[in-house]
Amino acid sequence: MAGRVSKVLSISAIVVFGWYMFTMVRLVLQLFYPTTHIPLIKPLPRVSKDAVVHRMAWQPPFEYDVRMYVSPLESFSDRSAFLNQSQLVWNIDAQSIEQRYPQFSTRLKIDIPDEQQMTNSSSLFAFLFVQRAKGQLDLSDPLLAYARAPLMSIRERIVNRKHSLIEGTSETTKDGESGVWVPHGKTRISWEIVLEDNEFSAWMLPLDIVPLLRIRQSGKGQEYIPLLWENPLATREQHWTPLTNHSKVSRKQRLSTHINVDASLRGIGLGWLRLCNYVFHGLQELRSPRSLIQYSESDVDSLKEMVFEVNPTMLAITMAAMALHMLFEFLAYKEDVSFWSNRSSEGLHGISRSSVIMGVVSAWISLLYMWDRRKETNVVVLAGAAVGAMVEAWKATKVLRLEDIWPFGRARETSSKKEPEGERAQVQREVDQQTGWWMSRVCMPLMAVYAAVSLVWQQHESYMSWLLSVSLVTVYSLEFIQMWPQLLINHRLRTVDMLPLTAFLYRFLTTFIDDLYALVVPMPLIERIGTLRDDLVFVVLCYQWLKFPRRKEKAD
């Protein structure tokens with residue numbers, strides 16, 4: 001019965017994985033190739049030859065220039081007022097439309113108007129105008145493409161709370177009050193424009209880009225102005241800097257006089273714009289009160305970074321690796337649980353108890369450490385650590401017997417009737433004793449020295465953060481020892497039959513996927529180091545699995 005349930009779970013996981021990959025491929029095709037008909041995967045109805053077709057209004061040999069203005073006004077409907085109250089901060093000379101994917105960047109020092117310096121107002125905007133090359137701004141140009149981005153916002157001050165626990169010096173005293181809402185300035189603006197010449201039937205315009213489209217009637221038919229926007233995934237929490245150290249701004253406590261902004265403009269494909277727009281609205285849903293899983297601001301920033309900072313090819317590889325990671329992780333946990341639940345205490349001889357115990361300690365301290373650093377850790381990584389910690393705790397209950405923990409009562413009575421231990425139990429006991437000796441004589445003193453150095457010279461948010469940090473470093477250091485006892489037992493017994501080899505096979509596949517996963521998904525640095533450590537151990541285990549014969553072969 002248990003075997004059937006295990007097979008059903010495996011098949012279900014593979015089916016879910018296949019459905020997920022099919023959905024992702026279909027979504028990518030819909031975003032990047034909206035007018036392409038692919039039977040069964042992305043079917044489209046037939047288009048009549050007489051259907052109205054939308055084409056881009058800019059056609060070769062069109063040339064354009066770029067101007068970026070900063071203004072306290074929210075729009076330029078009043079053209080004269082806009083030009084009088086705005087300042088030109090960036091200008092790009094004539095460029096040819098034949099260059100579909102241009103890239104421009106600059107560092108700007110934007111002055112904050114006196115009105116904003118005296119108040120808590122956040123009314124300051126950046127406008128980007130892309131028009132036919134004329135040498136000056138023409139707001140009446142029917143082919144004008146424009147976009148707006150806020151430069152100031154009232155946000156909660158984020159203060160680094162780490163400080164020296166011995167000296168008591170804190171960054172909070174230097175940066176001002178925390179937990180208050182003050183004006184912030186944006187330090188990064190990423191403009192993007194689609195200069196590809198895409199054609200759409202009138203009834204086949206993608207609904208997600210309709211709010212960004214401007215369509216005009218001309219002698220050639222329906223034309224659209226190139227899509228221009230500020231990519232919302234480019235700006236994260238770190239790109240907002242507080243403009244004052246005070247919760248209230250008065251004439252004696254002025255805002256900063258300027259904002260340093262990294263501005264860029266690049267040409268992109270329609271698929272990239274639609275993908276970023278899709279992800280942005282999905283992240284907004286995860287932050288909404290009606291979302292089943294509430295993502296924090298740090299989680300959203302992590303996903304923004306994962307999507308925006310990599311190219312589409314690497315993003316696709318990362319998404320596939322993430323799906324494979326989840327599949328193999330689930331199968332490994334399933335096989336692990338199945339192996340341990342079907343073994344009696346006698347059947348676990350040859351499995352290092354010290355390795356299991358240290359695995360439990362490592363898993364739970366790692367979970368507590370990531371929870372303490374949850375603003376820096378992705379929620380998927382945190383959830384996986386929680387599941388792993390619970391599985392490790394359950395495995396410990398299978399290895400540890402009552403007489404190992406409570407040497408009184410019935411355990412003492414039955415100790416005299418204990419049968420002579422076999423070869424596996426004897427080797428297991430000797431290796432565990434050697435492990436305990438190395439831990440107590442060598443590793444513990446070194447970790448005590450590290451704890452003292454960390455307390456004196458490093459900064460932490462609290463003594464609990466210091467304790468968790470030192471504990472995690474200690475556990476990871478000891479794991480270099482505690483992961484080898486099982487390998488040593490395998491070597492002395494010349495077999496790996498006592499281990500859940502199917503689960504280890506899945507772990508072996510997962511650990512290499514983790515290497516790619518750890519390079520993209522935000523997590524503490526020490527967790528990244530841990531994934532590289534696992535590679536070495538699994539390579540040695542695979543070598544033993546290939547070298548040592550099976551017990552059935554020995555019997556033959």
Side-chain angles (χ1 to χ4, degrees), residues 25-39 41-67 75-77 92 94-103 127-134 137-149 190-233 265-282 312:
V25 171
R26 184 176 182 182
L27 175 62
V28 169
L29 292 174
Q30 288 176 341
L31 293 177
F32 284 80
Y33 307 99
T35 60
T36 302
H37 173 77
I38 303 177
I41 298 178
K42 196 176 75 66
L44 293 176
R46 293 182 179 180
V47 179
S48 173
K49 296 181 179 179
D50 300 329
V52 178
V53 176
H54 295 298
R55 294 195 62 191
M56 190 173 71
W58 298 2
Q59 296 294 330
F62 187 90
E63 290 188 344
Y64 63 92
D65 56 22
V66 181
R67 285 174 174 79
S75 70
F76 55 91
S77 56
I92 301 175
Q95 303 291 324
S96 173
I97 189 64
E98 295 180 357
Q99 180 64 26
R100 300 292 183 178
Y101 307 101
Q103 292 191 4
F127 290 83
L128 191 73
F129 300 99
V130 185
Q131 63 173 17
R132 186 189 301 272
K134 298 180 180 180
L137 180 62
D138 182 7
L139 295 177
S140 62
D141 186 354
L143 299 181
L144 175 69
Y146 60 87
R148 186 191 71 177
S190 296
W191 307 103
E192 294 178 341
I193 187 170
V194 180
L195 297 177
E196 294 179 340
D197 188 11
N198 296 291
E199 294 186 3
F200 301 99
S201 298
W203 52 272
M204 287 183 60
L205 283 170
L207 295 180
D208 55 310
I209 67 172
V210 169
L212 300 173
L213 278 177
R214 290 178 52 236
I215 300 176
R216 61 185 294 270
Q217 183 69 37
S218 68
K220 301 179 182 180
Q222 298 282 347
E223 298 179 336
Y224 66 89
I225 309 301
L227 284 76
L228 176 66
W229 76 335
E230 183 217 8
N231 194 322
L233 301 184
L265 170 64
R266 64 171 180 168
I268 60 171
L270 178 64
W272 174 253
L273 182 142
R274 297 188 66 198
L275 175 63
C276 292
N277 193 34
Y278 178 85
V279 172
F280 174 68
H281 285 92

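- In this structure, the side chains of Met56 and Trp58 come closer than 4.5 Å at one or more pairs of heavy atoms.
- You'll find the side chain of Arg67 stays beyond 4.5 Å of the side chain of Phe127, heavy atoms only.
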Please tabulate, for the side chains in residues 25-34, all donor-acceptor contacts under 3.5 angstrom to protein atoms that are two or more places apart in sequence or on a different chain.
{"residue": "Arg26", "atom": "NE", "partner": "Ile41", "partner atom": "O", "Å": "3.1"}

Using the rule given for side chain to side chain donor-acceptor pair (under 3.5 Å), can you reason through Gln217 versus Gln222, listing the C-alpha separation, both sets of side-chain angles and the distance that settles it, and then say yes or no?
CA-CA 5 Å; Gln217 183 69 37; Gln222 298 282 347; 2.7 Å; yes

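- For Tyr278, the OH atom sits in a loose shell: 12 or fewer heavy atoms of surrounding residues, nucleotides or ligands are nearer than 6.0 Å.
- Partners of Pro102 under the side chain to side chain contact (heavy atoms under 4.5 Å, CB included) rule, at least two apart in sequence or in another chain, are Tyr64, Gln99, Phe104, Leu195.
- Looking at Asp208, its side chain never comes within 3.5 Å of a backbone N or O of Asn277 through a donor-acceptor pair.
- Smallest separation of non-hydrogen atoms from Ala133 and Ala94: CB-CB, 3.8 Å.
- Listed by first and then second residue, the salt bridge (Lys or Arg N to Asp or Glu O under 4.0 Å) pairs that reach into residues 52-62 are Arg55-Asp197, Arg55-Glu199, sequence neighbours excluded.
- Side-chain contact between Leu137 and Gln131 is present, with heavy atoms from C-beta onward closer than 4.5 Å.
- Two residues are said to be in side-chain contact when any heavy atoms from C-beta on lie closer than 4.5 Å; Val194 and Ile209 fail this criterion.
- Within the 4.5 Å cutoff, side-chain heavy atoms of Glu192 are placed close to those of Trp229.
- Smallest separation of non-hydrogen atoms from Cys276 and Asn231: SG-ND2, 3.4 Å.
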Let me see the working for Leu213 and His54 under side-chain contact (heavy atoms from CB on, under 4.5 Å), right down to the final yes or no.
CA-CA 11 Å; Leu213 278 177; His54 295 298; over 6 Å; no

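- Glu98 pairs by the salt bridge (Lys or Arg N to Asp or Glu O under 4.0 Å) definition with nothing, not counting sequence neighbours.
- Between Tyr224 and Phe200, the two ring planes are tilted [angle within 30° to 60°].
- Minimum heavy-atom separation, Pro142 to Arg214: O-NH2, 3.9 Å.
- Distance CG/Leu228 to CG/Leu212: 9.5 Å, rounded to 0.5 Å.
- Taking the side chain as every heavy atom from C-beta outward, Leu139 and Tyr146 never approach each other to under 4.5 Å.
- When side chains are defined from C-beta on, Ile193 does not count as touching Leu128, because their heavy atoms never get closer than 4.5 Å.
- Of all heavy-atom pairs between Glu230 and Ala149, the closest is OE1-CB, 3.3 Å.
- Remark: Arg148 engages no residue in a salt bridge (Lys or Arg N to Asp or Glu O under 4.0 Å) (not counting sequence neighbours).
- With sequence neighbours excluded, no residue forms a salt bridge (Lys or Arg N to Asp or Glu O under 4.0 Å) with Arg132.
- With contacts defined as side-chain heavy-atom distances shorter than 4.5 Å, the pair Ile225/Leu144 does not qualify.
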